[in-house]
Undergrad: 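This is the structure, below, for whatever I ask next.
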Amino acid sequence: MNFNFKEIATAGMILFAVIDILGSIPIIISLRNKVGHIQSEKASIVAACIMIAFLFVGEKILKLIGIDVNSFAVAGSFIIFFLAIEMILGITLYRDDVAETASIVPIAFPLIAGAGTMTSLLALRAEYHVENIIVAILLNIIFVYIVLKSSAKIERVLGKNGLNIIRKVFGVILMAIAVKLFASNINQLFNQGY
């Protein structure tokens, strides 16, 4: 076991920024208003299972297709970069339509365990130990559960301006992470002779 607090903290912050559960509070609130109840426990558990499964199987799927983790991480850095642009500028480059029910879809997937999260997991796997990433996933899922349970209270306390500020701060952090991921993985690809 290679538990490392720094790796857990870094992976946790990356996943926190990518999942962007605080920025998703308006979507969660509109879903709650539509369907009356969000199954917080079910959504959190399913999202954790999807993320951990993808952490282990994602690389095998890539090998089956003929793509290495570093190439995927470089591609993923672009996705994370565009997510950061969305967060900072308050624009929507791509967003799925809100579904009619709030069960597994759209809360667990794609809101929590979406494309950005999956990409980040494989990019993290290229740099960090798996056990540290799993701990980071579990910590994020606990936070996601708390936010899902108390989304209405959080919105009242922070207000729209508070949520926008948090979203923009994490957007800048996410952009810096995307640049770092791109730089480190592109160097590894050049060293491998791509």
Side-chain angles (χ1 to χ4, degrees), residues 1-24 40-41 43-65 67-84 87-88 108-149 166-194:
M1 290 288 178
N2 295 297
F3 287 108
N4 180 316
F5 179 76
K6 188 180 175 190
E7 283 192 10
I8 292 168
T10 306
M13 286 296 286
I14 291 169
L15 288 173
F16 181 77
V18 172
I19 292 169
D20 185 29
I21 194 66
L22 293 176
S24 300
S40 307
E41 299 87 0
S44 302
I45 291 167
V46 169
C49 292
I50 291 170
M51 291 162 72
I52 291 169
F54 193 79
L55 184 65
F56 288 103
V57 183
E59 194 172 349
K60 290 180 179 78
I61 293 169
L62 289 181
K63 282 182 182 170
L64 192 69
I65 304 169
I67 301 169
D68 67 296
V69 175
N70 294 89
S71 300
F72 193 80
V74 169
S77 69
F78 287 109
I79 292 172
I80 295 169
F81 184 81
F82 288 120
L83 283 171
M87 291 167 75
I88 294 166
F109 181 83
L111 201 63
I112 300 167
T117 308
M118 302 304 189
T119 304
S120 301
L121 286 172
L122 286 188
L124 288 169
R125 175 130 192 199
E127 293 190 34
Y128 301 121
H129 292 98
V130 174
E131 52 270 27
N132 295 323
I133 301 169
I134 291 171
V135 172
I137 289 170
L138 295 175
L139 290 173
N140 269 284
I141 290 299
I142 291 166
F143 187 75
V144 163
Y145 173 75
I146 292 166
V147 169
L148 287 175
K149 273 292 189 196
I166 290 170
R167 192 178 180 110
K168 288 181 190 329
V169 167
F170 276 100
V172 172
I173 292 168
L174 206 56
M175 190 172 281
I177 290 164
V179 170
K180 182 182 180 242
L181 269 175
F182 178 81
S184 65
N185 285 290
I186 204 82
N187 283 338
Q188 288 180 12
L189 285 173
F190 282 129
N191 291 340
Q192 292 170 5
Y194 277 90

Undergrad: Answer whether the closest heavy-atom distance between the side chains of Met87 and Asp20 falls below 4.5 Å.
TA: yes
Undergrad: Are the side chains of Met51 and Ile19 in contact, using a 4.5 Å heavy-atom criterion?
TA: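 A side-chain contact under 4.5 Å exists here.
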Undergrad: Ala136 and Gly12: which non-hydrogen atoms are nearest, and at how many Å?
TA: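 That would be CB-N, 3.5 Å.
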Undergrad: Rounded at 0.5 Å granularity, tell me how far CE in Met1 sits from CG in Asn132.
TA: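 So the gap between those two atoms works out to 10.0 Å.
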Undergrad: With a 4.5 Å heavy-atom cut-off, do Leu122 and Phe54 have their side chains touching?
TA: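 The answer is yes; the side chains approach within 4.5 Å.
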Undergrad: Consider side chain to side chain contact (heavy atoms under 4.5 Å, CB included). Of Leu139, Ile141, Asn140, which one does Ile137 pass it with?
TA: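 The residue from Leu139, Ile141, Asn140 that satisfies side chain to side chain contact (heavy atoms under 4.5 Å, CB included) with Ile137 turns out to be Ile141.
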Undergrad: Drop me the distance from Ser71's OG to Gln188's CD, to the nearest 0.5 angstrom.
TA: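 Reported to 0.5 Å precision, the distance equals 10.5 Å.
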Undergrad: What's the separation between atom OH in Tyr128 and atom CD1 in Ile8, rounded to the nearest 0.5 Å?
TA: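 Atom-to-atom, Tyr128:OH and Ile8:CD1 are 12.0 Å apart.
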Undergrad: Which atom names give the shortest non-hydrogen contact between Ala113 and Ala47, and what distance separates them?
TA: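 What the structure gives for the nearest pair is CB-O, 4.1 Å.
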Undergrad: At what distance, to the nearest 0.5 angstrom, does CG of Leu148 lie from OG of Ser40?
TA: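 Output value for this atom pair is 4.5 Å.
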Undergrad: About how many Å separate CD of Glu59 and CG of Leu121, when rounded to the nearest 0.5 Å?
TA: 12.5 Å
Undergrad: Hey, are the side chains of Phe16 and Leu22 touching, using non-hydrogen atoms and a 4.5 Å cut-off?
TA: yes
Undergrad: Quick check: do Glu7 and Leu124 have side-chain heavy atoms less than 4.5 Å from each other?
TA: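 Glu7 vs Leu124: side chains apart.
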Undergrad: Look up atom CD1 in Ile52 and atom CD1 in Ile133, then write down how far apart they are to the nearest 0.5 Å.
TA: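 Interatomic distance, Ile52 CD1 to Ile133 CD1, rounded to 0.5 Å: 11.0 Å.
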Undergrad: Give the C-alpha distance, both sets of side-chain angles, the deciding distance and a yes or no for side-chain contact (heavy atoms from CB on, under 4.5 Å) between Phe170 and Met13.
TA: CA-CA 9 Å; Phe170 276 100; Met13 286 296 286; 3.8 Å; yes
Undergrad: Within a strict 4.5 Å, meaning less than it, do heavy atoms of the Arg125 and Leu55 side chains meet?
TA: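 The answer is yes, as the side chains (C-beta and beyond) meet within the 4.5 Å cut-off.
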Undergrad: Looking at side-chain heavy atoms only, is the closest gap between Val130 and Phe56 below 4.5 Å?
TA: yes
Undergrad: Check whether Thr117 reaches the backbone of Ile112 with its side chain - one donor and one acceptor, N or O, closer than 3.5 Å.
TA: yes
Undergrad: Check whether more than 12 heavy atoms from other residues, nucleotides or ligands sit under 6.0 Å from atom NZ of Lys168, and answer yes or no.
TA: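 Atom NZ in Lys168 is crowded, with more than 12 foreign heavy atoms closer than 6.0 Å.
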Undergrad: Take Ile88 and Met175 through the test side-chain contact (heavy atoms from CB on, under 4.5 Å) and record every step on the way to the result.
TA: CA-CA 9 Å; Ile88 294 166; Met175 190 172 281; 3.8 Å; yes
Undergrad: What's the shortest heavy-atom distance between Ala84 and Gly171, and which atoms?
TA: CB-O, 3.2 Å
Undergrad: Can you list everything that forms a side-chain hydrogen bond (donor to acceptor under 3.5 Å, both in side chains) with Asn185? Sequence neighbours excluded, please.
TA: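 Once residues adjacent in sequence are excluded, the partners of Asn185 under the side-chain hydrogen bond (donor to acceptor under 3.5 Å, both in side chains) criterion are Asn70.
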Undergrad: Considering only heavy atoms from C-beta outward, does the side chain of Ile177 approach that of Thr10 to under 4.5 Å?
TA: no
